[in-house]
Every structure is written in structure tokens, then in C-alpha cells.
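For reference, positions follow the sequence shown, starting with 1.
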Amino acid sequence: MAFLTANNGPQAGRRFELDRSESVLGRHPECDVVIDVGAVSRYHCKILAAGTQFKVEDLKSRNGTFVNEVVIDGVKQLEQGDQIRVCDVIFTFQEVEPPSSTSSYGDDSSYRAVMVDDEDSSDTGSTIMSKLDVRSSINGPLLAASAEAKLDALLEIMQSLGRAVSLDKVLPQLLDGLFRIFLQADRGFVGLLDETGTLVSRWTKLRREDSDETIRVSRTIAKQVMETKEAILSADAASDARFEMSQSIADFRIRSMMCVPLVDFDGEAFGTLQIDTLDQRQRFREDDLELLISVAAQASVAIDNAKLHEEALEKRGIERDLTLAREVQEGFLPNEGPDFPGYEFFSFYQAANHIGGDYYDYVKLPDGRLAVIVADVVGHGIAAAMLMAKLSAEARFCLAIEPDPATATTSLNRKICRLNLNRFVTYILVVIDPNTHEATIVNSGHKLPMYCSNGVLEEPGKAEAGLPLGIVDEVEYQQITITLQPTDVLILYTDGIDEAANEAGEQYTVASMREKVATANATPEAIGQALMDDVHKHLAGRPQDDDMCLVVLKRR
């Protein structure tokens, strides 16, 4: 199995398996390895796999692709440990054998660390892990930092962790400080649970920085430490009977190791911190473990704070994106009523969240008629808003090429069905002829319009109403025509208004709308504002559950 590991950048520490013949790297969301950095080309380069051979090919990117800091011209053969640089983001190419088995603690790591499922045996009479265990027989000289040096390094760790606000700063500072305290340490490892509950490598450190050694970390040991929340120490892990089944210990001849859990404010373990040594003369002592536990406690706070900070930044970024999306969506909606002789208009739009799936539009047709549209995409939020944007463009296109409202709606329905989104849209279209003042209505599963004429309130088009758009593509929609007299009012709305519910769960209802509209005899703005004021009075401060959209038009 071959893979790339991001050494830095937005996805530092993440591993990308090269399990297909071509793996494309670039900024486009469809790339196999998405590099969300502005200078990266949309399709920057790709990794080609042919049997056990791997090559990297530049895709005529703007800034080039580098292997071991040499820009490539065309295709370059990859070797174990090669550094691939795409702009400022560096990946390491590695080929390793896959773990012998998998577990809920995952098989992920950075390029220097691989999680290993150690075999277990029920015949040994003991488990791989235990509570704190310290070997008292220590042979040979021990190289250790002085108490003053340890104290200075510890204080430096505490200060640096207190200032750090990102994991990419907390974790390397943590391991660098530990290597100054424990001079015998050869390797360090920090593993954290990801969003799926899988333990993955987030940072590693080797005493020899030029080494391309891969750290094999025992998932069994890490799991035990996290479950029991107890730190462990082995003075001679390679010969410790309790670790005799641990392949990761045996493979690397670990002579001494310490592993402690990282615990959050709620007392839940969210990762592990491990350091070890390969030299039997430089084994860890019990006071080393106590010191590591103290550092881990402070590190847990710093990591927890860093994670909260990163989550806050991510949330802030999402909110910025949603604010921008709302501004874009508002650009799809008319910012004022149309200039249409003999008529007045009022519109109201309020999304339940940042962006919504309700939609209205005024479309002037080539023959001088005016199309008024109100629609409601099922659900609300980003997905509904994206379909709303598509609907807006397709509706204008269908109306531009087809003068008959029912036929235009039939064509629009086919286009929405072909998207295969498993979403539907309720849609009502009113086309007004300024010469005859005829209003042609096509209803696709939407709320019936309210038509006020000479003090009488009607809801025309019930018999002619068809299915919502996007359900069945072979639907022929019907239309009904009414003639608007002077002072007549026509009201189009979405169900977020009549179904608006207060704290008691009571909906505003169509009946309340009828009552409010029937008593109104003023401009469209006065009618619409009075109606929405009454809806908000009913809500009594409770947030709306659905998007609200209202269009009121009146013939002068």
C-alpha cells in the first residue's frame, strides 16, 4: 500500500491512500487530494500507479510540482520517502505493508507513524497492558537531564503551551520540550481521536531528524491506556512478558517506554502521548513517568483549548461563507417591485436560517407581459438554496422561449426531474397581460393564491393545480385565467407563513390569513406589512421554523 502524508498545510498529518491508477492533487473539490490553497492550480498534478511503481506528473500547473525541491518536467519516478511539494504544501510519499488487522482505533497515522494491531493471546495469563509498572533493576549508566534543566524545560513547555492556540503549534512544542527533559528519548508520538472516534497520529518526533524511520505504534497499548486512563511505564519493554505479543515493541527493540492518556475537562480520554528509547542503558524511571503525567495534564488543557479555538475559527469561517451565500442569494431576488403600468407590488422574504429555499421573481416577457413566480424548495438551508438558484435560471429560460405559461411550466418540470435530486419544488406562476389585464395562473402543488375582488375573497385554480415540480417528468400542467379589475388584489405566499407556529405549537393558519386579508383595503405594501406583522405577533418572539415568502400585487 502506498500513500501520501501532508507534512504541513490545512490537512497536516492526514494520510491519503494511493489506491487507484491515477490520484489527482489540486484545488478543485473533485480532486482525490484537495489542497485548499490559493496558489495551487485546480488540477495541479497526479500520481500514476502501475503495479508497484509510482510516478508523479505535473498537469501544466501555474507554479510547478517539485520532488525533493527539484521542479519536475513531465513525469518523475517516485521513491520511498520522496518529498512532493505543491506550492507551499509538502507531502511525503511512502510505501508500507498494510496492518494485519483493523479495529475501532483505526489504521491511520502521519508518514512517520503507523498504528499496529498487535496480536493478543489468552494463554499467557496476563494482558499486554497493566497499571503503572516500574522495573527496579536498572543496569548500566543512565543519561538524564539535571533537575534544574528539567525544571527549566518544564517551565518553558508550560509557557509555550499556554500561548499556543493551534494544534500545529501545540504538538511540536510539546514533543520538543519533552526531548529536552528526557535526553534518552529516541521517539515521541501524539495520537488524537478524530471525528469518527478513530485514534490517528497527529505529530511525531525522532531524535535523528534526518531519519526516514516509520514509528509503529501499538493500538492495543494506546487503547488500554485510554480506556483505563492510567499511564504506564516499562523499564524494559522488549523483554517485558506483558508486552511479548506486541509486534510494535519487538520490531523496534524498544528498551523502555512511557505512555500516558490525554484527558479533557470532562475526564474523557481523547488521545495518547508516548515516548520511548531504544538504548537499554537509558531507561525511564518512575519519577520520569510522574513528570510526563504532569506535562500531559497541561498538554491536555492546551490541546483542548487549541481544538476549541480551531472549532471557533472553523465556525467563524462557515458563518462568513453563509453570510456571503445569503448576499449571493439575495442577488437572485428582485430588490424592488417591477415597473409595470397599472399595477403595484409588495414582496417579503425571510429565510429561517442564513439562506433559504423559498423564491420569488418578476420576469418581463418579450411580448410585454409580466410573469410573477413564487416557489418553495422542499426543506431549507444550503441544499435548498442551491436548487433555488438552479430553478431561477431554468424558469427564466423556459418563460423566454415558451409563451404559453402551462407549457413553460411543463418544460421546467422536466428539467428539474432530470437533475435526479430526489427533491421537489412547489411552484406558482402568474402571467399578467397589461392590455387585457388577464392573469393566467399555473399551480404546481403550491398554496392556492388569494384573490380579493369587490370585498370577496377567492382562491382560484384548485381544480387545475398539478403535482410539485421534480416528482414526475411526464406531467402536463393546466392553467386558469382570471381578469383583474381595478383595485383587485392577488396574494401569493409560501407555507412558512400559514404554518408559522408559536411556543404552544399553534400554527398561524390559512384562516387567519384570510381574515387579515379580507379586512385590508389599502396598498399592497400596507396589506403585506399588516399580514407579516400579525404573523410575527403570533410567533411572539419564537424563531421561525421555515422560510417565509410573500408577494402582493394590486391593479390600480
Side-chain angles (χ1 to χ4, degrees), residues 334 337-338 340 342-349 358-363 369-377 391 395 399 405-406 408-409 412 425-434 436-469 477-500 508-532 534-535 546-555:
F340 194 63
Y343 288 84
E344 299 175 79
F345 298 86
F346 170 81
S347 59
F348 176 89
Y349 186 93
D358 283 7
Y359 157 69
Y360 76 96
D361 202 359
Y362 305 113
V363 183
R369 293 179 300 165
L370 177 71
V372 182
I373 304 170
V374 170
D376 182 1
V377 178
L391 176 70
L399 288 168
T409 303
L412 176 61
V425 182
T426 67
Y427 173 92
I428 189 165
L429 167 68
V430 179
V431 177
I432 304 171
D433 188 325
T436 64
H437 299 290
E438 288 183 339
T440 303
I441 303 171
V442 182
N443 192 330
S444 307
H446 199 81
K447 291 285 184 177
L448 295 175
M450 292 185 180
Y451 173 44
C452 302
S453 181
N454 294 322
V456 178
L457 180 62
E458 300 178 14
E459 293 172 303
K462 182 176 182 180
E464 293 77 13
L467 291 173
L469 305 178
Y477 288 92
Q478 302 178 41
Q479 60 193 34
I480 182 175
T481 300
I482 60 176
T483 301
L484 299 173
Q485 303 298 330
T487 73
D488 282 1
V489 174
L490 192 62
I491 299 173
L492 312 177
Y493 63 98
T494 59
D495 59 8
I497 294 177
D498 63 287
E499 295 178 4
Y508 183 67
T509 74
V510 173
S512 297
M513 290 185 65
R514 291 176 185 146
E515 181 180 350
K516 198 67 180 177
V517 170
T519 59
N521 185 19
T523 64
E525 182 176 2
I527 296 171
Q529 198 60 60
L531 179 57
M532 294 315 304
D534 203 42
V535 172
D546 200 358
D547 307 324
M548 296 181 183
C549 182
L550 172 72
V551 171
V552 182
L553 65 91
K554 182 178 182 178
R555 181 183 171 188

| task | Say whether Thr494 and Asp358, considering side chains only, have a donor N or O and an acceptor N or O under 3.5 Å apart. | result | yes
| query | Does the side-chain hydrogen bond (donor to acceptor under 3.5 Å, both in side chains) test come out yes or no for Asn443 and Tyr477, once each step is laid out? | reply | CA-CA 8 Å; Asn443 192 330; Tyr477 288 92; over 6 Å; no
| said: Under a plain distance cut-off of 3.5 Å, with no hydrogens placed, do Tyr427 and Asp376 share a side-chain donor-acceptor pair? | reply: no
| request: For the residue pair Tyr362 and Tyr360, categorise the inter-ring angle as parallel (less than 30°), tilted (30 to 60°) or perpendicular (more than 60°). | output: perpendicular
| query | Is it true that Arg555 and Glu344 make a salt bridge, defined as a side-chain N closer than 4.0 Å to a carboxylate O? | reply | no
| message | With a 4.5 Å cut-off on side-chain heavy atoms, are Ser444 and Thr409 touching? | response | yes
| Main-chain N/O of Ala522 paired to Lys554 side chain as donor or acceptor, under 3.5 Å | yes
| query | Judged by modelled atom types alone, do Tyr343 and His437 share a side-chain donor-acceptor pair under 3.5 Å? | reply | yes
| message | Would you compute the distance between atom CD1 of Ile497 and atom CG of Leu531 and round it to the nearest 0.5 angstrom? | response | 6.0 Å
| request: Report the C-alpha distance between Tyr508 and Met513 in whole Å, list the side-chain angles of each, state the deciding distance to 0.1 Å, and finish with yes or no for side chain to side chain contact (heavy atoms under 4.5 Å, CB included). | output: CA-CA 8 Å; Tyr508 183 67; Met513 290 185 65; 3.6 Å; yes
| message | Run the side chain to side chain contact (heavy atoms under 4.5 Å, CB included) test on Ile527 and Phe346 for me, step by step, so that the C-alpha distance in whole Å, both residues' side-chain angles and the decisive distance to 0.1 Å come before the verdict. | response | CA-CA 9 Å; Ile527 296 171; Phe346 170 81; over 6 Å; no
| request: Work out which heavy atom in Gly445 is nearest to a heavy atom in Thr426; give both atom names and the distance. | output: O-CG2, 3.2 Å
| What's the shortest heavy-atom distance between Ala375 and Leu391, and which atoms? | CB-CD2, 3.7 Å
| task | Please tell me if the side chains of Ile428 and Tyr493 come closer than 4.5 Å, counting only heavy atoms from C-beta onward. | result | no
| How long is the span from the CZ atom in Phe348 to the CD atom in Gln529, to the nearest 0.5 Å? | 7.5 Å
| Atom CG of Leu448 and atom CD of Glu458: how far apart are they, to the nearest 0.5 Å? | 12.0 Å
| query | Is it true that a side-chain atom of Thr523 and a backbone atom of Ala526 form a donor plus acceptor pair closer than 3.5 Å? | reply | yes
| message | Any non-hydrogen side-chain atom of Pro468 less than 4.5 Å from a side-chain atom of Val425? | response | no
| query | Is there a side-chain contact between Asp361 and Val374 (heavy atoms, below 4.5 Å)? | reply | no
| For the atom pair CG (Leu490) and CG (Leu553), what is the distance rounded to the nearest 0.5 Å? | 5.0 Å
| said: Under a 3.5 Å distance rule, please check whether His446 uses its side chain to pair with a backbone N or O of Leu429 as donor and acceptor. | reply: no
| query | Do Phe340 and Pro434 touch side chain to side chain, with heavy atoms closer than 4.5 Å? | reply | yes
| Is any side-chain heavy atom of Thr440 closer than 4.5 Å to a side-chain heavy atom of Val430? | no
| said: Rounded at 0.5 Å granularity, tell me how far CD1 in Ile441 sits from CD in Gln478. | reply: 13.5 Å
| message | Salt bridge check, Lys447 against Asp498: does any charged N sit closer than 4.0 Å to a carboxylate O? | response | yes
| query | If you round to the nearest 0.5 Å, how far is OG1 of Thr481 from CD1 of Ile432? | reply | 12.0 Å
| said: For Glu525, is the CD atom crowded, meaning more than 12 foreign heavy atoms sit under 6.0 Å from it? | reply: no
| query | Considering all heavy atoms of both residues, which atom of Gln479 and which atom of Ala406 are nearest to each other, and what is their separation? | reply | OE1-N, 2.8 Å
| Do the side-chain N and O atoms of Asp488 and Tyr451 include a donor-acceptor pair separated by under 3.5 angstrom? | yes
| request: Decide yes or no for Leu370 and Val363: does some side-chain heavy atom of the first lie under 4.5 Å from some side-chain heavy atom of the second? | output: no
| said: Before you tell me yes or no, could you show the steps for Val535 and Met548 under side chain to side chain contact (heavy atoms under 4.5 Å, CB included), namely the whole-Å CA-CA distance, both residues' side-chain angles and the distance that decides it to 0.1 Å? | reply: CA-CA 10 Å; Val535 172; Met548 296 181 183; 3.9 Å; yes
| Does Thr436 reach the side chain of Thr483, with side-chain heavy atoms less than 4.5 Å apart? | no
| field | Thr509 and Arg514: CA distance, side-chain angles, deciding distance, side chain to side chain contact (heavy atoms under 4.5 Å, CB included) verdict | value | CA-CA 9 Å; Thr509 74; Arg514 291 176 185 146; over 6 Å; no
